[in-house]
Amino acid sequence: MDTSLSERGAGVKSLAAPLLEVRNVAKWFGKGERRILALDRVNLVIRPGEFVVLLGPSGCGKSTLLRIITGLAQPSEGEVLYRGERLRGVNPHATIVFQSFALYPWLTVQGNVEAALKARGIPAEERRARALALIDKVGLDGFENAYPRELSGGMRQKVGFARAMAVEPELLCLDEPFSALDVLSAESLRGELMELWTAKAIPTQAILMVTHNIEEAVFMADRIVVMDKDPGHVVAELEVTLPHPRSRKDVHFIHMVDQVYATIAGKTQPEEVEMGSAPGEPGKTEMLPHAPLGALAGLLEVIASAGGRADLYVLGEELVMNLDELLPVIEAAERLGFAQVDRGDIVITPLGESFAEAGILARKEIFRQRIRRVPVIRWIYTTLEQAEGHRLPEEVFLRALEEDFTEDEAKRQLDTAISWGRYAELFAFDDNADELFLEETVPVASNPAPGG
Ligand code: ADP
Ligand code: MG
């Protein structure tokens with residue numbers, strides 16, 4: 001990675017005394033046989049100036065860890081230190097913003113923000129001034145006298161942010177603060193928070209945010225702490241050194257997303273077990289599911305907009321596909337790591353969510369990174385790479401595939417591979433010569449940023 005990107009404050013940060021230290025924290029719920037380990041010996045250090053993101057699947061203990069850090073729950077083992085002191089009871093220097101903020105319906109926007117200050121005993125005059133300034137900062141100027149029911153979800157969440165920031169917490173904790181919002185509101189609120197944070201317009205010393213969205217993590221964090229479940233534990237920590245404001249279309253950004261994904265996916269099975277093998281290699285040749293790419297994108301969009309989980313049968317109706325058409329699409333989504341089937345439901349993965357929310361170019365990039373790992377695609381690509389002029393007749397591939405498949409199926413396999421390869425701009429098919437050829441793109445890393 002470009003070293004000029006990684007200079008920002010790195011030295012200073014590592015010298016600063018920690019704001020927060022989580023030491024060997026374990027958390028059990030329940031008793032006897034029912035007892036479950038929600039957190040297993042978690043360690044975490046947050047220093048002033050850092051924006052740290054906890055990333056991991058549902059149930060890995062992210063919310064539990066936030067509650068322990070803010071003192072709303074006690075660890076079963078281990079301890080939390082705040083500015084070097086062992087935390088006892090609720091941490092007065094930390095505030096949490098939840099997924100959907102409970103506002104007082106009978107109070108105006110201003111009333112809701114002031115309520116937080118009132119609870120801290122701040123005099124009326126100062127309350128008013130601070131509330132108005134914050135309402136302005138989060139972009140709600142003009143809505144001071146509106147009631148929650150008059151606001152969109154995104155605007156209500158802004159009130160939630162203003163209320164949390166009103167008490168000027170040193171440590172701002174955010175628990176999936178954007179996940180209940182529509183894509184556009186979420187994106188604009190992320191942008192506003194990052195502006196406040198990077199411009200140091202709020203006195204907050206550090207932010208700890210929970211998410212299961214990889215792109216969101218890479219967009220905002222200085223450091224990503226990756227967690228996994230059963231039991232909840234920390235898998236890895238990754239620094240994100242890209243300068244702000246970050247662009248999702250930037251190749252460095254896309255690489256980082258992929259790196260995070262690899263960290264999450266990499267600890268499962270060896271690749272050949274997970275993915276099967278290519279023609280001519282030992283093991284069973286993996287069949288490509290015949291999934292039209294438009295249907296794959298549509299599937300992921302529908303699941304994402306349903307909140308990340310959808311019933312398989314309801315999905316078929318929404319996409320106007322019968323089960324025979326739907327199944328290969330689901331299989332493709334699973335194989336590429338975009339979704340997982342779970343008892344009659346299909347659940348989107350962080351990568352699938354990134355794909356669903358991405359623009360055309362970022363989608364192609366995510367897709368390209370993923371299908372490179374699919375054995376048949378990898379085999380076609382490397383075979384073409386070694387061929388003279390990076391071209392070979394279709395026949396070469398068909399004959400090899402016919403070792404493993406019937407003649408008809410071999411043809412269908414190649415057709416699907418070509419349509420995927422074409423979308424990913426890896427390779428394409430020349431109709432006149434009946435030849436496959438490599439798309440001669442510049443290597444990804446030195447590609448000029450698409451769209452300027
Ligand atoms: P996440 O926020 O990462 O989705 P949680 O911290 O909510 O995960 O939950 C972690 C695990 O602990 C899950 O298995 C959950 O069912 C369990 N859990 C969380 N809170 C409680 C509770 N109060 N009682 C029993 N189990 C709980
Ligand atoms: Mg949670």
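Indexing begins at 1, ligand by ligand and atom by atom, following the structure's order. Because the structure is predicted, anything quoted here is derived from the model rather than measured. Note that the numbering runs from 1 along the sequence shown for the chain. Note that these values count all heavy atoms, side chains included, but never hydrogens, waters or copies made by symmetry.
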Do [X] and [Y] meet the cation-pi criteria used here (NZ or CZ under 6.0 Å from the six-membered ring centre, within 45° of the axis)?
{"X": "Arg372", "Y": "Phe367", "value": "no"}
{"X": "Lys27", "Y": "Phe29", "value": "yes"}
{"X": "Arg248", "Y": "Phe219", "value": "yes"}

**Q.** Gly30 touching ligand 1 at heavy-atom level, < 4.0 angstrom
**A.** no
Q. Under a heavy-atom criterion of less than 4.0 Å, does Gly59 contact ligand 1?
A. yes
For [atom], closest protein heavy-atom neighbour:
{"atom": "atom 7 (O) of ligand 1", "answer": "Ser63 CB, 3.9 Å"}
{"atom": "atom 20 (N) of ligand 1", "answer": "Phe29 CZ, 3.3 Å"}
{"atom": "atom 8 (O) of ligand 1", "answer": "Gly61 N, 3.2 Å"}
{"atom": "atom 5 (P) of ligand 1", "answer": "Thr64 OG1, 3.6 Å"}

(Q) Looking at Phe51, is its backbone amide N or carbonyl O close enough to the side chain of Asp222 to form a donor-acceptor pair, meaning the two atoms are under 3.5 Å apart? (A) yes
Q | Arg127 side chain vs Leu117 backbone, donor-acceptor pair below 3.5 Å | A | no
Q | Check: Ser58 N/O within less than 3.5 Å of ligand 1 N/O | A | no
Within-4.5 Å side-chain heavy-atom neighbours: [X] and [Y]:
{"X": "Ile96", "Y": "Phe98", "answer": "yes"}
{"X": "Val138", "Y": "Leu189", "answer": "no"}
{"X": "Asp141", "Y": "Ile135", "answer": "no"}

Q: Measure Ile36 to ligand 1 on non-hydrogen atoms and call it side chain, backbone, both or neither using the 4.0 Å cut-off.
A: side chain
Q: Scan the protein's non-hydrogen atoms and note whether one is under 4.0 Å from atom 1 (P) of ligand 1.
A: yes
Q. Does any N, O or S atom in Ser63 come within less than 2.8 Å of the Mg ion (ligand 2)?
A. yes
Q | Numbering as shown, the atoms of ligand 1 that approach Ala38 to under 4.0 Å (heavy-atom distance) | A | 11 (C), 12 (O)
